[in-house]
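Here is the structure we will look at.
Everything quoted here is computed from the prediction, not taken from an experiment. We're numbering straight along the sequence, starting at 1.
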Amino acid sequence: MKTAYLLLATTVAALIAAGCTNTGYTMQDQYRTGIKTVAVPVWSRGKDVYRRDIELRMTEAVIKQIELQTKYKVADKTGADTLLTGRIDDISQLVLSYDAASGNAREIEVVVTLSFVWTDLRSGKELAKIPAMTVAGTYIPLSPYTEEFFQGSETVLNKAARMVVEQMAEPW
């Protein structure tokens with residue numbers, strides 16, 4: 001009986017060990033080796049994007065996420081290994097629900113569309129290029145929350161920055 005349990009336990013352990021090597025999980029660093037620094041100039045705005053300082057807020061969010069999630073350091077373009085440039089192509093809002101009593105918007109969705117290119121300055125090779133990425137989030141303008149566009153867009157910009165940095169990982 002003990003032999004059967006031992007054989008079963010050994011078989012299960014072998015199957016688990018074999019499965020772990022083929023599932024794509026790794027303990028290695030997911031970001032590219034050989035890159036130490038990234039230059040992140042201020043993002044630009046599309047011709048129809050009129051929100052004040054939205055490009056500065058997006059740049060700040062991307063820089064924070066690079067330094068938080070990766071081993072890369074943000075540096076000036078003259079001394080950087082790579083360059084990450086981006087543009088906020090569009091920002092739109094959509095009312096998702098109305099308050100029945102007042103007719104005011106109860107929940108508003110903010111949708112940001114952006115594009116970016118990450119280039120190795122040493123070789124000129126594009127490491128990542130996303131021509132259109134759409135990120136959405138919601139905010140509640142009614143009391144007791146009384147959120148404004150600033151709060152709603154901040155959540156979306158931070159989410160977008162995390163998604164941009166995820167694209168900097170080594171392809172699987």
Would you name the heavy atoms of Asp89 and Leu114 that are closest together and state the gap between them? OD2-C, 3.5 Å
May I ask you to say whether Asp99 pairs ionically with Arg106, meaning some side-chain N is under 4.0 Å from a carboxylate O? yes
What distance separates Ser153 OG from Asp53 CG, expressed to the nearest 0.5 Å? 11.0 Å
Gap separating the CD1 atom of Ile130 from the CD atom of Gln167, nearest 0.5 angstrom: 4.0 Å
Value rounded to 0.5 Å, distance of CE in Met133 from CD1 in Ile88: 12.5 Å
Look at the side chain of Thr119 and the backbone N and O of Leu121, then say whether any donor-acceptor pair between them is shorter than 3.5 Å. no
Output yes when a side-chain donor or acceptor of Lys77 lies under 3.5 Å from a complementary backbone atom of Val38, and no otherwise. no
Where is the tightest heavy-atom contact between Tyr31 and Lys71, given as atom of each residue plus distance? O-NZ, 4.0 Å
Looking at Lys64 and Glu60, does any basic side-chain N land under 4.0 Å from a carboxylate oxygen? yes
For a quick test of reading the model, state the closest non-hydrogen atom pair linking Thr37 to Ala80 and the distance between them. OG1-CA, 3.1 Å
For Trp43, the option from Leu56, Val164, Leu157 that meets side chain to side chain contact (heavy atoms under 4.5 Å, CB included): Val164
Quick check: do Glu170 and Arg32 have side-chain heavy atoms less than 4.5 Å from each other? yes
Between the side chain of Lys159 and the main-chain N/O of Ala136, is any donor-acceptor distance below 3.5 Å? yes
In the single-linkage hydrophobic clustering (I, L, V, M, F, W, Y; side-chain heavy atoms under 4.5 Å), do Val165 and Leu83 co-cluster? no
Once you round to the nearest 0.5 Å, how far does CG of Leu94 lie from CD of Glu107? 10.0 Å
Passing candidate, side chain to side chain contact (heavy atoms under 4.5 Å, CB included) with Val40, options Thr82, Thr85, Thr59: Thr59
Taking atom types as modelled and ignoring hydrogens, do the side chains of Tyr139 and Gln93 form a donor-acceptor contact shorter than 3.5 angstrom? yes
In terms of hydrophobic clusters joined by side-chain contacts under 4.5 Å, are Met168 and Leu127 together? yes
Measuring only between side-chain heavy atoms, which start at C-beta, is Pro141 closer than 4.5 Å to Ile108? yes
Linking I/L/V/M/F/W/Y whenever their side-chain heavy atoms sit closer than 4.5 Å, directly or via other members, would Ile91 and Leu96 fall into one cluster? no
Could you check whether Arg87 makes a cation-pi contact with Phe116, meaning its NZ or CZ is under 6.0 Å from the centre of the six-membered ring and within 45° of the ring axis? no
Beyond-backbone contact of Ile35 with Trp118, side-chain heavy atoms, under 4.5 angstrom: yes
Can you find a pair of side-chain heavy atoms, one from Val112 and one from Ile54, that are under 4.5 Å apart? no
Give the intermediate values and the outcome of side chain to side chain contact (heavy atoms under 4.5 Å, CB included) for residues Val135 and Val111. CA-CA 6 Å; Val135 184; Val111 179; over 6 Å; no
Arg51 vs Arg45, test: side chain to side chain contact (heavy atoms under 4.5 Å, CB included). Steps then yes/no. CA-CA 9 Å; Arg51 294 291 180 166; Arg45 290 187 283 171; 5.5 Å; no
Rounded to the nearest 0.5 Å, what's the gap from CD on Glu154 to CE on Met58? Could you check? 10.5 Å
With distance as the sole test, does Arg57 use its side chain to make a donor-acceptor pair with the main-chain N or O of Phe150 at under 3.5 Å? yes
Residues Ala39 and Asp76: closest non-hydrogen pair is CB-C, 4.1 Å
Please check: side-chain N/O of Thr70 versus main-chain N/O of Glu67, any donor-acceptor pairing under 3.5 Å? no
Does any N or O in the side chain of Gln65 come within less than 3.5 Å of the main-chain N or O of Val62, such that one atom is a donor and the other an acceptor? no
Flag side-chain contact, heavy atom, 4.5 Å: Phe149 against Val110: yes
Can you see which heavy atom on Ala105 is nearest to which on Leu142, and at what distance? O-CG, 3.3 Å
Distance in Å, Lys73 NZ paired with Asp81 CG, rounded so as to fall on 0.5 Å steps: 13.5 Å
